[in-house]
Amino acid sequence: MGVKIQKTDETMNALEQQFSKTVAEHKSTIYTVCYMFSQDADEVNDLFQEVLVNLWKGFDSFEHRSDIRTWIYRVALNTCISIDRRKKRRSSEVRLTMDINLFEDRDEDTRQVDMLHKRISKLQPFDRAIVLLWLENLSYDEIGQIVGITAKNVSVRLFRIREQLKQISND
């Protein structure tokens with residue numbers, strides 16, 4: 001039989017404050033991961049909220065064996081990949097959208113970024129995660145720690161991903 005430890009209000013308040021501080025410090029990291037899995041603002045916000053829920057669930061038990069940023073990336077990626085898989089299973093649902101963006105920028109740089117994002121979104125979720133981390137300028141060792149593969153395997157996968165991106169059409 002396990003003994004349940006009651007947390008005092010003071011302990012919970014301190015934990016909540018630490019969590020809020022951590023989220024504030026790493027908010028852009030979480031949004032970046034969420035944005036890699038959707039360009040729809042509402043869906044990105046939903047992903048962000050799911051990531052926050054999962055971070056909160058694991059925050060008290062985070063053991064600091066890795067850097068907090070590495071843990072946040074891992075939780076965010078796992079959350080987004082899981083939701084992406086569920087979404088693909090339910091792909092028969094029809095989502096109503098307005099196919100117009102009044103604030104869309106039409107310069108050449110924006111078109112190229114949009115084209116790259118469309119190509120990346122066609123990759124498998126695991127490969128998307130690796131590209132995202134690489135674009136965030138993480139080292140191969142850090143990427144490997146986050147996704148659970150060796151740095152050498154990161155290098156090989158990135159080479160294959162680059163070749164795959166060259167072959168993907170812009171449809």
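Position 1 is the first residue of the sequence; numbering continues from there.
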Item to check | Residues in ring pair (Phe, Tyr, Trp, His ring centres under 6.0 Å) contact with Y140, at least two apart in sequence or another chain | outcome: none

Next on the checklist: Applying salt bridge (Lys or Arg N to Asp or Glu O under 4.0 Å) as the test, list every pair that has at least one member in residues 135-146; sequence neighbours left out.
Outcome noted: none

Next on the checklist: If I take atom OG1 from residue T70 and atom CD1 from residue I143, how far apart are they, to the nearest 0.5 angstrom?
Outcome noted: 11.0 Å

Checklist outcome for this item: Contacts of E50 meeting salt bridge (Lys or Arg N to Asp or Glu O under 4.0 Å) (sequence neighbours excluded), chain-then-number -> none

Checklist entry - Taking only residues two or more places apart in sequence, or in another chain, which ones meet K166 in a salt bridge (Lys or Arg N to Asp or Glu O under 4.0 Å)? => result E163

Item to check | Qualifying ring pair (Phe, Tyr, Trp, His ring centres under 6.0 Å) pairs with a residue from residues 116-136, counting only residues at least two apart or across chains | outcome: Y35-H117

Item to check | Qualifying salt bridge (Lys or Arg N to Asp or Glu O under 4.0 Å) pairs with a residue from residues 19-37, counting only residues at least two apart or across chains | outcome: K21-E25

Item to check | For Q167, side-chain hydrogen bond (donor to acceptor under 3.5 Å, both in side chains) partners two or more places apart | outcome: none

Next on the checklist: Between L158 and I168, is there shared hydrophobic-cluster membership here, with clusters defined by ILVMFWY side-chain heavy atoms closer than 4.5 Å?
Outcome noted: yes

Next on the checklist: Restricting to salt bridge (Lys or Arg N to Asp or Glu O under 4.0 Å), what partner residues turn up for K152, sequence neighbours left out?
Outcome noted: none

Next on the checklist: So for atom CZ, which belongs to R160, do other residues, nucleotides or ligands contribute more than 12 heavy atoms lying within a distance under 6.0 Å?
Outcome noted: no

Checklist entry - Is I68 reachable from V23 through a run of hydrophobic residues whose side-chain heavy atoms are each under 4.5 Å from the next? => result yes

Checklist entry - What residues, two or more places apart in sequence or in another chain, satisfy ring pair (Phe, Tyr, Trp, His ring centres under 6.0 Å) together with W71? => result F62

Checklist outcome for this item: Of all heavy-atom pairs linking V33 and C80, the shortest is CG1-SG, 4.0 Å

Checklist entry - Yes or no on side chain to side chain contact (heavy atoms under 4.5 Å, CB included) for V75 and I30, after CA distance, side-chain angles and deciding distance? => result CA-CA 9 Å; V75 171; I30 299 166; over 6 Å; no

Checklist entry - What pairs with D127 under side-chain hydrogen bond (donor to acceptor under 3.5 Å, both in side chains), at least two apart in sequence or on another chain? => result R157

Checklist outcome for this item: Sorted by chain and residue number, the side-chain hydrogen bond (donor to acceptor under 3.5 Å, both in side chains) partners of N54 (sequence neighbours excluded) come out as T79

Item to check | Results of side chain to side chain contact (heavy atoms under 4.5 Å, CB included) for L135 - residues two or more places apart only | outcome: I120, V131

Checklist outcome for this item: Shortest non-hydrogen pair, V51 vs C34, comes out as CG2-SG, 4.1 Å

